[in-house]
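Shown next, in structure tokens, is the structure this report addresses.
Heavy-atom basis, side chains included; hydrogens, waters and symmetry copies ignored. Letters A, B, ... are given to chains in the order of the sequence lines, protein chains preceding strands, and every chain is numbered from 1.
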Protein chains: 2
Amino acid sequence: MTDIMKDDYELRKETIDQMESVDEETLADLADLFKIFSDSTRIRIMYSLFIKELNVQEIADALGMQQSAVSHQLRILRRSNLVKIRREGKNIYYRLSDSHVFTIFSQGLEHISE
Amino acid sequence: MTDIMKDDYELRKETIDQMESVDEETLADLADLFKIFSDSTRIRIMYSLFIKELNVQEIADALGMQQSAVSHQLRILRRSNLVKIRREGKNIYYRLSDSHVFTIFSQGLEHISE
DNA sequence: ACCTCATATGAACACTTGTTCATATGTTTA
DNA sequence: TAAACATATGAACAAGTGTTCATATGAGGT
């Protein structure tokens, strides 16, 4: 290991002191979270919700997908607390539930653009 | 939509102005990136590399896995530029390739702890 | 109560993916 | 160059996942 790399790792190690207590179960949960982001349909759904909340049919139209497929994916997003719903008459409007979605998104984009 | 939510979305919309040009292909790439993080074996490998670089057998031992399985996963991580290698004699040492891995990790952990 | 519309759900199917086993590649040392 | 060791790779298999089709649930309007 070169000195430069060693320093790099020492620095990182300090930075992740808070992370050191992460156990196996948490790592599995982490993998499960990223699994939600790993499908392009779900990514596109979340992205469409960045601008404004939409109901199921609006999402399906925007993505050129069947209502059923969208509904199945929304179920998964809801179960993981990534989206929340609001009922208005017959329609159900979906929106992103917290800002972590945005942060995870933008970090991913930053990695890609290199 | 309530006024509070409207404000929330207006605010978010401003924040993601830079994101607005994201096209379908980029979203697919994004999903592919997160797909790498979506397997607990790969997550555990990356986590083990936070502390210091390791060779293949050290990773396999640390995770209680077969060398072959680890090697297959390392291949995937390498292809996505998430790890880099350094040869030292017969051994090949793996290390994380950039700090985005760390950032993506910690954002994920933050979401989980809620 | 009935019909209509929006959404959800279950089963079936094709496709993807991670692991194992066996073996190949490539490097060091005798 | 041959043996020993570390790593990579290909084929096969089991398990998981997203979509479609058909249908169920639930709310509003007549």
Side-chain angles (χ1 to χ4, degrees), chain A residues 1 24 27-49 52-95 97, chain B residues 1 24 27-49 52-95 97:
Chain A
M1 205 194 285
E24 289 291 314
L27 291 177
D29 291 344
L30 200 54
D32 287 340
L33 173 65
F34 288 124
K35 198 166 291 174
I36 312 294
F37 287 82
S38 72
D39 176 68
S40 67
T41 296
R42 287 190 293 268
I43 285 277
R44 290 166 75 219
I45 289 176
M46 288 188 269
Y47 184 71
S48 74
L49 295 178
K52 66 177 202 292
E53 64 170 11
L54 299 170
N55 65 39
V56 180
Q57 195 54 57
E58 285 172 336
I59 296 172
D61 291 344
L63 272 54
M65 292 188 60
Q66 291 198 181
Q67 175 270 322
S68 177
V70 171
S71 196
H72 276 295
Q73 297 307 329
L74 285 172
R75 189 176 197 265
I76 294 172
L77 291 171
R78 197 158 19 118
R79 201 196 325 163
S80 304
N81 296 316
L82 292 168
V83 299
K84 281 190 165 53
I85 64 171
R86 179 179 68 85
R87 167 150 247 144
E88 185 180 294
K90 280 180 291 193
N91 299 312
I92 296 184
Y93 284 88
Y94 281 80
R95 63 179 192 280
S97 65
Chain B
M1 205 193 286
E24 289 291 312
L27 291 177
D29 290 345
L30 199 54
D32 287 341
L33 172 66
F34 288 124
K35 197 168 290 175
I36 312 292
F37 287 81
S38 73
D39 176 68
S40 67
T41 295
R42 288 191 292 269
I43 284 277
R44 290 166 76 219
I45 290 177
M46 288 188 268
Y47 184 71
S48 73
L49 295 177
K52 66 177 202 295
E53 62 169 14
L54 299 170
N55 65 39
V56 179
Q57 194 54 58
E58 286 173 334
I59 296 171
D61 291 345
L63 273 52
M65 293 187 61
Q66 291 197 181
Q67 175 270 321
S68 177
V70 172
S71 197
H72 275 296
Q73 297 307 329
L74 285 172
R75 187 176 199 268
I76 294 172
L77 291 172
R78 198 159 16 118
R79 200 196 326 166
S80 304
N81 298 315
L82 291 168
V83 299
K84 280 189 165 52
I85 64 172
R86 179 179 67 85
R87 167 150 247 145
E88 186 179 292
K90 279 179 292 194
N91 298 313
I92 295 184
Y93 284 89
Y94 281 80
R95 64 179 191 280
S97 65

Subject >> Heavy-atom closest contact (B/K35 atom, B/S38 atom, distance) >> reply: O-OG, 2.6 Å
Original post:
Can you check whether A/Y94 has a side-chain N or O nearer than 4.0 Å to OP1 or OP2 of C/dA8?
Top reply: yes
**OP:** Flag as yes if B/H72 stacks onto the base of D/dT9 (centroids under 5.5 Å, planes under 30°), otherwise no.
**Re:** yes
Subject >> 5′-ward residue of the pair A/D39/A/Q66 relative to DNA chain D >> reply: A/D39
**OP:** Classify the side chain of B/S68 versus the base of D/dT7 as yes if they form a donor-acceptor pair under 3.5 Å and no if they do not.
**Re:** no
**OP:** State whether A/R78 places a side-chain N or O below 4.0 Å from either non-bridging phosphate oxygen (OP1 or OP2) of C/dA8.
**Re:** yes
**OP:** Using the side-chain contact (heavy atoms from CB on, under 4.5 Å) rule, pick out the option among B/I59, B/T41, B/I36 that qualifies with B/Q73.
**Re:** B/T41
Subject >> Donor/acceptor link under 3.5 angstrom from B/S71 side chain onto base of D/dT9 >> reply: no
Original post:
With respect to the phosphate group of C/dA6, does any side-chain polar atom (N or O) of A/R87 fall under 4.0 Å of OP1 or OP2?
Top reply: no
**OP:** Starting at atom CZ of B/R79, determine the distance to atom P of D/dT9, rounded to an integer number of angstrom.
**Re:** 10 Å
Subject >> For atom NZ of A/K35 and atom P of C/dT17, their distance in whole Å >> reply: 12 Å
**OP:** Ignoring hydrogens and angles, answer whether the base of D/dA8 and the side-chain atoms of B/Q67 contain a donor-acceptor pair closer than 3.5 Å.
**Re:** yes
Original post:
Is the distance from OP1 or OP2 of C/dT19 to the nearest side-chain N or O of B/Q73 less than 4.0 Å?
Top reply: yes
**OP:** Just say parallel, tilted or perpendicular for the rings of A/F34 and B/F34, cut-offs at 30° and 60°.
**Re:** parallel
Original post:
Whole Å only: how far is the CD atom of A/Q57 from the P atom of D/dA27?
Top reply: 19 Å
Original post:
Between A/N55 (CG) and C/dA6 (P), how many Å, whole number?
Top reply: 8 Å
**OP:** State whether A/R42 places a side-chain N or O below 4.0 Å from either non-bridging phosphate oxygen (OP1 or OP2) of D/dG18.
**Re:** yes
Original post:
Could you state the CG-C1' distance from A/L74 to C/dA6, rounded to the nearest angstrom?
Top reply: 13 Å
Original post:
Does the A/S40 side chain pair with the main chain of B/A31, one donor and one acceptor, at a distance under 3.5 Å?
Top reply: no
**OP:** Mind checking the CG-CD spacing from B/N91 to B/E58? Nearest 0.5 Å is all I need.
**Re:** 7.5 Å
Subject >> Phosphate OP1/OP2 of D/dT7: any B/N91 side-chain N/O under 4.0 Å >> reply: yes
Original post:
Rounded to whole angstrom units, what separation is found between the CD1 atom of B/I59 and the C1' atom of D/dA8?
Top reply: 14 Å
Subject >> Gap between atoms CD1 and P, on A/I85 and D/dG26 respectively (whole Å) >> reply: 13 Å
Subject >> Of A/K90 and A/I76, the one whose closest DNA chain D nucleotide lies more 5' >> reply: A/I76
Subject >> Rounded interatomic separation in angstrom, taking OH from A/Y93 and P from C/dA6 >> reply: 10 Å
